[in-house]
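Below is one structure, written out as structure tokens; the observations come after it.
The figures that follow rest on heavy atoms only: side chains count, while hydrogens, waters and symmetry mates do not.
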Amino acid sequence: MSGVLLTFLFILQFVSFFLIALLFTRLSNAKEIEKQHEEFMKEMDDAVSAYLFEIKDENNRLIEELAITNETNHFIKKEEKTPIDEIPFSPRSTVSKSAVAKLYQQASPVKETVESKNELTPQNQVLALSNAGKSIEEIAKELGKGKTEIELMLKFHHE
């Protein structure tokens with residue numbers, strides 16, 4: 001009787017060791033998946049922050065170009081300039097249509113002179129510079145565009 005009981009206990013002990021080993025492997029797999037997930041989240045966070053940084057740079061460049069355009073065309077007097085944070089938000093525009101039309105007409109000659117300089121379309125310029133062996137960063141600097149925009153133009157052209 002005691003022999004049967006001892007063999008039963010040994011069998012139970014081996015089964016329990018097998019189950020413990022099985023649980024350990026599943027736990028290690030879960031930890032590995034968690035590490036991969038954390039690495040993926042970090043990569044995504046880096047990609048989003050790089051994208052936001054690029055957008056911020058493009059916005060700052062746009063603001064600088066608008067400021068230069070406004071200074072050359074005397075749209076805004078220096079005394080009337082206010083920081084963006086001090087301008088109250090209004091969901092409805094308070095600028096009259098005639099004022100907008102007047103500003104648009106004054107800005108049109110500047111746009112036409114820029115367009116006359118660049119007879120090629122931006123996509124053709126990108127392709128020409130790319131075929132000349134320039135990198136995406138060099139093309140973006142030369143054309144005054146973002147790296148992502150240049151990458152997209154090249155990607156859509158190759159498809």
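When all heavy atoms are compared, the tightest approach of Val4 to Thr7 is O-OG1, 2.8 Å.
The side chain to side chain donor-acceptor pair (under 3.5 Å) search around Asp57 returns none, not counting sequence neighbours.
The structure places NZ of Lys35 at 8.5 Å from NZ of Lys31, a figure rounded to the nearest 0.5 Å. Distance check, rounded to the nearest 0.5 Å: CG of Leu12 to CG of Leu19 gives 10.5 Å. In this structure, the separation between OG1 on Thr121 and CG on Leu127 is 8.0 Å, given to the nearest 0.5 Å. Between atom CZ of residue Phe18 and atom CG of residue Leu23 there is a gap of 10.0 Å, rounded to the nearest 0.5 Å. With values rounded to the nearest 0.5 angstrom, Leu22 atom CG is found 15.0 Å from Phe17 atom CZ. To the nearest 0.5 Å, the span separating CD on Glu65 from CD1 on Ile63 amounts to 11.0 Å.
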Show me the donor-acceptor pairs, under 3.5 Å and distance only, between side chains in residues 140-154 and residues at least two apart or in other chains.
residue	atom	partner	partner atom	Å
Glu142	OE1	Lys134	NZ	2.7
Thr148	OG1	Glu54	OE1	3.1
Thr148	OG1	Glu54	OE2	2.7

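Considering Gln36, Lys42, Glu34, Met41 in turn, Glu34 is the only one that fulfils the side-chain contact (heavy atoms from CB on, under 4.5 Å) rule with Glu38.
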